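Before any comments, here is the structure.
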Number of protein chains: 2
Amino acid sequence: MAEKGAGKGAYAEGRPATIKDVAARAEVGIATVSRVFSGGSVSARTRERVRAAAEELDYRPSAVGRSLKTRRTGGIGLIVPDVTDPFYADLMAGVLNCARSLGEHVVVDAAHGDPEREALIADRMMEQRVDGIVAVPAGGNEAWESVLRAGGNVVFADRESPAGIPAAPAVFTDDRAGVRALVEYLVGLGHRRIAFLGAAEAGDSVGVREGAFRETLKQRGVPVNEDLMVAARPERDSAYAAAAGLLQGGANASAVLASGHLLGEAAVLVARELDLRVPADVSIAMVGDVPWAELCDPPLTAVARPGQDVGYRACELLLRDRARRGRGEPVLVPTELLIRGSCGPPRGSRGR
Amino acid sequence: MAEKGAGKGAYAEGRPATIKDVAARAEVGIATVSRVFSGGSVSARTRERVRAAAEELDYRPSAVGRSLKTRRTGGIGLIVPDVTDPFYADLMAGVLNCARSLGEHVVVDAAHGDPEREALIADRMMEQRVDGIVAVPAGGNEAWESVLRAGGNVVFADRESPAGIPAAPAVFTDDRAGVRALVEYLVGLGHRRIAFLGAAEAGDSVGVREGAFRETLKQRGVPVNEDLMVAARPERDSAYAAAAGLLQGGANASAVLASGHLLGEAAVLVARELDLRVPADVSIAMVGDVPWAELCDPPLTAVARPGQDVGYRACELLLRDRARRGRGEPVLVPTELLIRGSCGPPRGSRGR
DNA sequence: CTGAAAGCGCTAACAT
DNA sequence: ATGTTAGCGCTTTCAG
């Protein structure tokens, strides 16, 4: 209600004030106004006059005018599969943090696993002239080739970039180590019939998690039983069906390693519906820690994948270390095995 | 490996091609190039030449050049408290969906409940000349007054805008109805000692949820016991402390209504630690549904707040219905009571 | 310290 | 159907 100064009460006064308006009002040249806002040398007196004029007009220097001149927008793009997935939300938070600390804003979009959509998004971001793009690639490579060819800089996060995309750095969680730790923990507990929930479907290439699983088992001298490798996509339906098939079929797994949080969720749900006790009847663990893992009864053992770190590092790589181009080795951020209560010795094991 | 066309293999070829480059290469005027990309009339032959030239140069029209001319950036801003909170993640997904269908991109940032940060973010978005802002306000009002004065358009989501901000539409979930439904359900079950977890702290104004709680109890002739109104902020520490105080103190609640998902989480955790059985010893319900609610044992009864819808509607309001300005009544999107297994009759009750 | 002027990439008259 | 030109709001020489 109380007016703070002359002419301050008016809402929606036409279009935004420009540098000219401010210059006119302060009775100076536009260059002077520019200097005041982008830090040139201006006498204190003049500076004050300009500030006052600007305030009265609610002037904000137009980033689009500036960007046109400077060829930098001060913004980056972020493309994730799904903003509601807790891991990608974390990743996003990491990018946001880093971007803020470097003075950049970020335009976000979700590709939902669709390479075409990803291409559209990336293209648009390029039109927007973002200073760079952090992307969890969806699998298409045309988009990225074109982006790189046009001089865009991108760093991939969380997933391998499609084949044939050089010159783009990448940062991943060290899932190989994570799965390895988990498998060794399970084997150490006495398990020999460990199911892997989330194996590659026919035709897909085997992921690092499955690879690490097989590899570790082999190393420990535990035979890999193909009946226990159950294929599933990381979506609720697919996960649930796979978990149900596994747990109620005759596979007789003593432990299940869910290769993602959606798979873990499915395993927990199915186990409960089948009245299997965890970990007495079956042990369950998953890769990807989520808030509800602690809320389960018993709390779920999981491999934590630090999404924030991934996002932060990716953004940093994009913006700070732009110098050393060429991808080099991907950055691996460490995972952590969080032992909670959902794994125990297998059913028939002899004590301790 | 295989080259797709002449001159297509080069990466990072200096700076992005401009309209001039394309015009020169296609041997036409720049206006013609513009027409090809923004839809003017161009002969098929010329159009093709231009397209070809553009493709060879990996040309993408610069949105910043365009924006300068058209005074529209085709982007909106979204400010949420925290992108990792499932509700705000949903809201964000809603905004993203709507924005895409309307051809806008969205720049996102998180204010983390800090009005100063919110002001910085909003200011920056204004500098960016976004076409509008969807915001979950943090509580500061100076930022918004200035934004509105400068001609920005904003719609608030999920939370009441600070006092004194007129002319901005708003969309909320109908928490009043949600809490009412929940309280009536609990009372119908026979509860008379229902705790409210998440009451306003001394000095804060009472929120709608608490208001609805008190109101409904009163209407049903159940006395409101101030010992059962336990203050807590929606953060893990505060929530946990409050839940612990409530459940292990002598308050003797037969049911607890947690006013947010973090509060609900705390209640579940504390109940388990205290070996209280749910719902036999104590019923638990919360406002705000989250994925883990179904994973709990027993699954948690909750009031679902459709974040996606809120986001979508807010964005729609901002972009489509820009015509009818002035806020009018806030849009209320309906909540839904999801009855699961965590509530039952109070301990001493005489059966159904 | 300050102002005038050129130009960033694009669109929209206006001419042809 | 196509080319020319004048800005959009800003930064940045270059003079003064």
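In the text below, chain A, chain B and the rest are named by the order of the sequence lines, each starting its count at 1. Every value quoted in this text rests on a predicted model; they were computed, and no experiment measured them. These numbers come from the heavy atoms of this one structure, side chains and all, not from hydrogens, waters or symmetry mates.
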Looking at every strand, decide which applies to [X] at a 4.0 Å heavy-atom threshold: base, sugar-phosphate, or nothing.
{"X": "B:Val28", "answer": "sugar-phosphate"}
{"X": "B:Ser38", "answer": "sugar-phosphate"}
{"X": "B:Thr46", "answer": "sugar-phosphate"}
{"X": "B:Phe37", "answer": "nothing"}
{"X": "B:Ser34", "answer": "base"}
{"X": "B:Gly65", "answer": "base"}

Practice item. Would you mind telling me which residue lines up with the more 5' stretch of DNA chain D, A:Pro61 or B:Gly29, judged by nearest nucleotide? Key: B:Gly29
Point to revise | CD on A:Glu142 to CD on A:Glu118, rounded to 0.5 Å | key: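 Rounded to the nearest 0.5 Å, the CD-CD separation comes to 11.0 Å.
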Check your understanding: So how far is it from B:Leu57 CG to A:Arg149 CZ, rounded to the nearest 0.5 Å?
Key -> 11.0 Å
Separation of [N] [atom2] from [X] [atom1] (nearest whole Å):
{"X": "A:Arg129", "N": "C:dG9", "atom1": "CZ", "atom2": "P", "result": "9 Å"}
{"X": "A:Arg72", "N": "C:dG9", "atom1": "CZ", "atom2": "P", "result": "16 Å"}
{"X": "A:Arg71", "N": "D:dT12", "atom1": "CZ", "atom2": "P", "result": "12 Å"}
{"X": "B:Arg49", "N": "D:dT2", "atom1": "CZ", "atom2": "C1'", "result": "11 Å"}
{"X": "B:Asp21", "N": "C:dG9", "atom1": "CG", "atom2": "P", "result": "8 Å"}
{"X": "B:Leu68", "N": "D:dA6", "atom1": "CG", "atom2": "C1'", "result": "13 Å"}

Proximal nucleotide (of [options]) relative to the [X] side chain:
{"X": "A:Ile30", "options": "C:dC10, D:dG9, C:dA5", "value": "C:dA5"}
{"X": "A:Ile19", "options": "D:dG3, C:dT2, D:dC10", "value": "D:dC10"}
{"X": "A:Ala31", "options": "C:dC10, D:dT2, C:dA5", "value": "C:dA5"}
{"X": "A:Lys69", "options": "C:dA6, C:dG3, C:dC1", "value": "C:dA6"}
{"X": "A:Thr18", "options": "D:dT4, C:dC8, D:dG9", "value": "D:dG9"}
{"X": "B:Tyr59", "options": "C:dC8, C:dC10, D:dC10", "value": "C:dC10"}
{"X": "A:Lys20", "options": "D:dT4, C:dT11, D:dC8", "value": "D:dC8"}
{"X": "B:Thr70", "options": "D:dC10, D:dT12, C:dT11", "value": "C:dT11"}
{"X": "B:Thr32", "options": "D:dC10, D:dG9, D:dG3", "value": "D:dG3"}

Practice item. Provide the closest heavy-atom pair for B:Val106 versus B:Leu78 in the form atom of the first, atom of the second, distance. Key: CG2-CB, 4.0 Å
**Study point:** Donor on one side chain, acceptor on other, B:Arg47 and B:Thr32, under 3.5 Å
**Key:** no
Review point. So, do B:Tyr88 and B:Val136 sit near enough that their side-chain heavy atoms are less than 4.5 Å apart?
Key: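 B:Tyr88 reaches B:Val136 side chain to side chain.
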Review point. Quick one: is D:dC8 close enough that its OP1 or OP2 comes under 4.0 Å of any side-chain N or O from B:Ser67?
Key: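 Result: no.
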Review point. Does A:Ser41 make a side-chain N or O approach to OP1 or OP2 of C:dC1 shorter than 4.0 Å?
Key: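 The answer is yes; a side-chain N or O of A:Ser41 sits under 4.0 Å from OP1 or OP2.
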Check your understanding: So does A:Arg35 reach the base of C:dG3 with its side chain, donor to acceptor, closer than 3.5 Å?
Key ->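 In this structure, the two groups form a donor-acceptor pair.
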Review point. Thinking salt bridges, do A:Glu27 and A:Arg49 make one under a 4.0 Å N-O criterion?
Key: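 Between A:Arg49 and A:Glu27 there is no salt bridge, as every charged N stays at least 4.0 Å from the carboxylate O atoms.
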